[in-house]
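Here the structure is laid out as structure tokens; the discussion comes afterwards.
Every chain is numbered from 1 and lettered A, B, ... according to where its sequence line falls, protein lines coming before strand lines.
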2 protein chains.
Amino acid sequence: MIFTTKAEYGVRLLVELGRQSSESPVSLKAIAESEGLPLAYLERIVALLKRADLVESTRGAHGGYRLARSADTITMDEAVVALEGSVAPMACFVDDSDDGRVLCSHVEDGETCATKFLWLRVQGGVNDALRRTTLAELVDFSSRQAVPAGASPLGAALPIHTAA
Amino acid sequence: MIFTTKAEYGVRLLVELGRQSSESPVSLKAIAESEGLPLAYLERIVALLKRADLVESTRGAHGGYRLARSADTITMDEAVVALEGSVAPMACFVDDSDDGRVLCSHVEDGETCATKFLWLRVQGGVNDALRRTTLAELVDFSSRQAVPAGASPLGAALPIHTAA
DNA sequence: AAGTTTTCCTACCGCATTGGTAGGATTAGG
DNA sequence: CCTAATCCTACCAATGCGGTAGGAAAACTT
């Protein structure tokens, strides 16, 4: 159960675009160099973000990318779905209702097996965490890191472990 | 972001062992046939569960597997770790502190980048969901499914999608 | 009219992992 | 002994992932 680096790069890309959210677009080359990421790969990743309307592009010289909306209206839920496909803890969770055929043995006439019960719960946890995190929050966090005045911003961000 | 079917089979195996939690062990062959799962593959999976001390085995004829502890002391957190390795949303989260070298660019002198901030949050959500689900609960749920009296036990488990 | 900078698109490659099989050891019961 | 079971290892095909290569097409610059 792991996130791909595709998702990592994608989020870093979004954060970087969010930081320099002036009107002028930012070229991938600039981001690739400043972050030390492979440009060609980033191109393919940003294509996913564009397809999901999270990012706009301007072609040609002095072109580049910028956020399609303001950072506080972009949830990480959207970002991860755009980058990795649907956040489904099992392959059969992906919607194949057009087919009508149930590919897995989890569902039998509307019933739910114990495994699916668990997976749904996990999926809920993931989606919840992703949906309540906006890009604006990440951009903000990223900026605060440069100035280490705010002692431990992780404390507020992770009240999950402490609860249990 | 997906669970492997290895994890699915493993959990189904545990549930099945939990249901027939008499003293007599259950053979994999019996489970494989009743669940329609490939026996040879199950053998490899149950080995993971045994290595994690979730399951005990008796060899020879009339042998088989049984839970090493009572089902209400086994959390899905343990099960998934045993089956899939550590639940880490990024490859670099796995503990390689013995090496000393930081394999990813997320950590720089104790600082945390925005990406890791997000991943930690997600990981918290997953771990939380897994840790608060015991095998006993799944076994119980699985038994209740046979008798569809309890209308929708999922309602409590999935208040997430409806919110948005 | 070049030439340059960018986005865009597609194909390819090596590698790791996954789901699954095969074949055989070892242990215990009948 | 034979059989039923756990164990163990090697192997296989398929998939996906991270990454590269080689261009087009679009827009700005000179």
Side-chain angles (χ1 to χ4, degrees), chain A residues 1-13 17 24-33 35-52 54-66 68 80 83-86 88-92 94 103-105, chain B residues 1-13 17 24-33 35-52 54-66 68 80 83-86 88-92 94 103-105:
Chain A
M1 246 276 314
I2 231 160
F3 271 121
T4 60
T5 75
K6 180 166 56 177
E8 184 205 332
Y9 289 179
V11 172
R12 284 171 76 174
L13 228 159
L17 290 181
S24 60
V26 187
S27 80
L28 273 197
K29 195 181 174 190
I31 295 183
E33 281 173 356
E35 299 271 310
L37 303 179
L39 171 61
Y41 193 29
L42 280 191
E43 287 180 359
R44 265 170 43 192
I45 290 173
V46 84
L48 301 172
L49 296 174
K50 198 194 172 187
R51 210 168 303 155
L54 294 175
V55 143
E56 285 173 351
S57 63
T58 321
R59 298 180 70 161
H62 290 149
Y65 296 89
R66 61 185 127 14
V80 169
L83 292 164
E84 302 229 299
S86 69
M90 283 296 300
C92 58
V94 179
L103 292 180
C104 67
S105 53
Chain B
M1 247 278 312
I2 232 161
F3 270 121
T4 61
T5 75
K6 179 165 57 178
E8 183 205 331
Y9 289 179
V11 172
R12 283 172 76 176
L13 229 159
L17 290 181
S24 60
V26 186
S27 79
L28 273 197
K29 195 181 174 191
I31 295 183
E33 282 173 357
E35 300 271 309
L37 303 179
L39 171 62
Y41 193 29
L42 280 191
E43 287 181 358
R44 266 170 44 192
I45 290 174
V46 83
L48 301 172
L49 296 174
K50 198 194 173 187
R51 211 169 301 154
L54 294 175
V55 143
E56 286 173 349
S57 64
T58 321
R59 299 182 69 165
H62 291 147
Y65 296 89
R66 64 186 123 14
V80 169
L83 292 164
E84 301 231 298
S86 69
M90 283 296 302
C92 59
V94 180
L103 293 179
C104 68
S105 53

State the CG-CD distance between A/Leu28 and A/Glu35, to the nearest 0.5 angstrom. 11.5 Å
Distance-minimising heavy-atom pair for B/Leu13 and B/Ile45: CD1-CG2, 4.5 Å
Take the protein atom CD1 of B/Ile45 and the nucleotide atom P of C/dT21, then report the distance between them rounded to whole Å. 12 Å
Nearest-angstrom distance from the residue atom NE2 of B/His62 to C1' of D/dA4: 8 Å
Taking only the side-chain nitrogens and oxygens of B/Ser57, find out if one of them lies under 4.0 Å from OP1 or OP2 of D/dC7. yes
When rounded to whole Å, the CD to P distance for the pair B/Glu56 and D/dA5 reads 19 Å
Please report the distance, rounded to the nearest Å, between CG in B/Leu28 and P in D/dT6. 4 Å
Smallest separation among heavy atoms of A/Thr58 and A/Pro25, with atom names: OG1-CG, 3.9 Å
Quick one: are B/Val80 and B/Phe3 in side-chain contact, heavy atoms under 4.5 Å? yes
Check whether any side-chain heavy atom of A/Leu54 lies under 4.5 Å from a side-chain heavy atom of A/Leu48, and answer yes or no. no
Backbone N or O of A/Thr4 within a donor-acceptor pair of the A/Glu84 side chain at under 3.5 Å? yes
Using a 4.0 Å heavy-atom cut-off to protein, can you give one letter per nucleotide of nucleotides 14-25 of chain D, 5' to 3': B if the base is in contact, S if only the sugar-phosphate is, - if neither? ----BBB----B
Of B/Thr58 and A/Lys29, whose closest DNA chain C nucleotide lies nearer the 5' terminus? A/Lys29
To the nearest 10 degrees, what angle separates the axes at the start and end of the helix from C/dA1-D/dT30 to C/dG30-D/dC1, five pairs each? 0°
When B/Val46, B/Leu37, B/Leu17, B/Leu39 are each screened for side-chain contact (heavy atoms from CB on, under 4.5 Å) with B/Ile31, the one that passes is B/Leu17
Expressed in angstrom and rounded to an integer, what is the separation of A/Arg51 atom CZ from C/dT7 atom P? 16 Å
Protein-nucleotide distance (B/Leu42, atom CG; D/dC8, atom C1'), rounded to Å: 16 Å
Using whole Å, what does the distance between atom P of nucleotide C/dT10 and atom CG of A/Leu48 come to? 13 Å
Can you measure from CG (B/Leu42) to OH (B/Tyr65) and round to the nearest 0.5 angstrom? 9.5 Å
